[in-house]
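Keep in mind the model is a prediction, meaning the values are calculated, not measured. Every number for a ligand or one of its atoms is a count from 1 in the order of the listing.
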Amino acid sequence: MPDQTGWNRLVRSSVALVLASVSAFIPRYSSAHPLQAEPVNHPLVIGFERFYAGSDDETYLSEGGFLLLEELNCVSCHQPPPDLASRLSALPATRLDGVASRLSPIEIELFVRNPRFVKRDTTMPSLFAGPDRDLHEVAALSAWLKTLTADIPHRPVGDIQLGRALFHRIGCVACHAPEVGYRPPELPEEVAIEPVALPNVPVDLADYYDLDTLTDFILRPTEYRPSSRMPDFGLSEQDAIHLAAYLRSGPDLVLPQNLTEALSHDAPPADQSLIEEGKQLFFRKNCHTCHEPPRGLSSPVVSVAIPALTALNPDSETGCFSARPIGGLVPFYGLVPAQKQAISAALRHLDTLRALDAPAEMDHLMKRLNCYACHERGGSGGPEFAREAYFGYKEDPVGATTLPAHLPPSLDGVGARLDEKTLAEFLFGPTPVPSSRPHLVVPMPHYTRPVAGQFLKFFPAVDRASAP
Ligand code: HEC
Ligand code: HEC
Ligand code: HEC
Ligand code: HEC
């Protein structure tokens with residue numbers, strides 16, 4: 001995995017250069033937030049990075065390819081055959097409602113033009129990076145997106161140091177990078193802090209979102225992003241306020257000035273016909289294949305002539321496999337060779353997917369949703385050793401488990417242990433299950449039913465079949 005120090009700053013400063021040259025955009029910070037420690041320069045799918053990126057076994061790699069076909073939403077345009085439709089499901093992208101209340105007009109324009117300008121590791125491909133890009137179309141889409149505002153409650157500004165402590169205590173570091181050099185104060189002296197090695201989910205957009213939206217997002221992440229990749233921790237408003245202050249602070253851990261007026265909503269109103277054109281383009285450019293149409297936009301009957309999944313040539317060097325953006329309707333992902341190799345293997349081995357049994361399907365879903373960031377099951381996954389320091393605990397851990405007692409429990413045999421109702425409460429909330437582990441600080445975060453509902457079927461099916 002890429003773990004080069006200095007690389008981040010390099011990438012970010014070159015992004016900043018591109019941004020500056022594109023639009024005289026002035027980056028909000030001259031250098032990054034302390035958490036922006038580990039950049040990648042390709043669409044980041046965390047389960048792929050952890051479990052597949054290093055492999056060159058074609059059959060094993062094809063499983064990683066299935067993950068990419070779903071997480072990169074290839075299957076939302078390239079239709080899978082009917083018998084695989086339930087096994088290859090697309091990822092519902094960020095809701096665009098209210099986008100103008102969290103990104104500034106210039107950031108919206110940059111995101112549409114090439115999302116990688118704003119978020120280097122994003123899984124959203126660019127539809128306008130190619131040489132034949134139509135900047136008028138970018139302007140029309142942006143003009144329309146800029147009208148999508150929302151009423152976000154204005155909340156007090158939180159305490160950066162409290163947010164910092166929370167971030168390193170309640171489970172955020174299972175997926176996101178810890179701040180280099182930070183030591184949780186309650187950690188026993190003999191516990192050493194070591195650098196983490198597994199890939200991290202970057203938090204780039206925290207730099208861009210306005211403080212109130214960032215707070216609101218942390219409180220209700222799955223409403224903004226129905227993918228549930230960022231699960232809902234059921235935080236109190238106070239905790240969310242502190243976390244947002246920490247995440248929104250600059251490299252010196254101070255909040256930028258004028259934070260509360262960060263977004264100017266008083267831009268001159270765009271021409272109505274341009275806005276109308278943007279609405280049409282949302283469908284014509286296939287944005288709707290990944291994004292649910294924002295409220296008030298009804299979906300016209302659109303027929304898109306895109307080759308089906310089984311018609312794709314695994315060895316293609318063109319279309320979405322092209323090394324350079326093509327433009328028009330062909331999205332540009334900037335895939336790295338390992339990702340391309342895995343997707344090609346998946347396209348060649350669609351039959352393997354047909355043959356997956358329930359345990360394998362469940363393992364696949366746990367990789368997709370990154371449950372393995374917190375849980376070990378069947379010898380797979382679990383928090384990496386260097387991250388264990390960031391799972392806070394209360395005094396006097398009770399109940400011996402096979403893992404250090406402050407970590408989330410192993411999921412071995414859980415489907416035989418818990419009934420369906422309890423399982424559903426753990427997975428979807430909203431009422432917290434009375435905890436049998438009062439020494440834990442990290443909660444079980446909540447997912448959405450459309451995304452994680454299959455666990456209700458898988459856990460009992462797999463564990464009761466194998467129970468003695
Ligand atoms: C927004 C819709 C969309 C998404 C999402 C999408 N594609 Fe495509 N893809 C297209 C279009 C349009 C073409 C061009 C088809 C043509 O030229 O007839 C294409 C072409 C291709 C081709 C070349 C066709 C061939 O067989 O030579 C491949 C390979 C491909 N896509 C793979 C992928 C993969 C892999 C992903 C996910 C990483 C993906 N696509 C995501 C729309 C999409
Ligand atoms: C199970 C893994 C996981 C855990 C645990 C987790 N996150 Fe996330 N988080 C993600 C993923 C994945 C994304 C990116 C989602 C996407 O691409 O839409 C994300 C995105 C974010 C973002 C938006 C940044 C961006 O660039 O898109 C913020 C802010 C954030 N997380 C904060 C937190 C906080 C605060 C906590 C702890 C309360 C936390 N996360 C715990 C997985 C996690
Ligand atoms: C292949 C799927 C896909 C297609 C096609 C797609 N998007 Fe996205 N889009 C995403 C994903 C995934 C995200 C979340 C990215 C992230 O946070 O890294 C996103 C995020 C965004 C955001 C940022 C929202 C926010 O609040 O963070 C905007 C704006 C956006 N898309 C606009 C568009 C427009 C306009 C189009 C059509 C030109 C489009 N998208 C096409 C997948 C897609
Ligand atoms: C941020 C870490 C974290 C992530 C990510 C996470 N969990 Fe959990 N999970 C926990 C914690 C902590 C508990 C224990 C909660 C308690 O007992 O109060 C738990 C409990 C559970 C339980 C009940 C176990 C038992 O023996 O009581 C199940 C089932 C479960 N999680 C499934 C999942 C699945 C499936 C995913 C992925 C979709 C997932 N978890 C993601 C932290 C996490």
Exercise. Can you list the ligand 2 atoms lying under 4.0 Å from a non-hydrogen atom of L214?
Worked result: 29 (C)
Problem set entry | N/O separation below 3.5 Å, T289 to ligand 3 | no
For this session: Could you see which bit of R225 sits under 4.0 Å from ligand 2, with heavy atoms only: side chain, backbone, both or neither?
Result: side chain
Exercise. Within 45 degrees of the axis of the six-membered ring of F128 and under 6.0 Å from its centre: does K285 put its NZ or CZ there?
Worked result: yes
Exercise. Does an N or O anywhere in Y209 fall below 3.5 Å from an N or O of ligand 3?
Worked result: yes
For this session: For atom 8 (Fe) of ligand 2, decide whether H176 has an N, O or S atom at a distance under 2.8 Å.
Result: yes
Problem set entry | Contact check, P331 vs ligand 3, heavy-atom distance below 4.0 Å | no
Exercise. Looking only at distance, does Y447 have an N or O less than 3.5 Å from an N or O of ligand 2?
Worked result: no
Exercise. Would you say N370 and ligand 2 have an N/O pair spaced under 3.5 Å apart?
Worked result: no
Seminar exercise, completed: L96 heavy atoms within 4.0 Å reach ligand 3 at atoms 22 (C), 28 (C), 29 (C), 30 (C)
Seminar exercise, completed: Counting heavy atoms under 4.0 Å, the part of T122 that contacts ligand 3 is both
For this session: Would you please determine whether I108 falls within less than 4.0 Å of ligand 3 on a heavy-atom basis?
Result: no
Exercise. Who's closest to atom 26 (O) of ligand 2 heavy-atom-wise, of T123, L205, V118, L44?
Worked result: L205
Exercise. With atoms numbered from 1 as shown, which atoms in ligand 3 lie under 4.0 angstrom from a non-hydrogen atom of N286?
Worked result: 5 (C)
Exercise. Where's the contact between V201 and ligand 2, heavy-atom distance under 4.0 Å: side chain, backbone, both or neither?
Worked result: side chain
Exercise. For ligand 2, does A373 get within less than 4.0 Å through its side chain, its backbone, both, or neither, judged by non-hydrogen atoms?
Worked result: neither
Problem set entry | Protein contact of atom 34 (C) of ligand 4 - nearest heavy atom, named by residue and atom, plus distance | C371 SG, 3.5 Å
Problem set entry | Region of M366 that comes within reach of ligand 4 [heavy atoms, distance under 4.0 Å] | neither
Seminar exercise, completed: Atoms of ligand 3 under 4.0 Å from any heavy atom of Y333, numbered from 1 in the order shown, are 1 (C)
For this session: Please confirm whether K119 comes within less than 3.5 Å of ligand 2 when only nitrogen or oxygen atoms on both sides are compared.
Result: yes
For this session: Starting from atom 17 (O) of ligand 4, find the nearest protein heavy-atom neighbour and note its residue, name and distance.
Result: R437 NH1, 2.4 Å
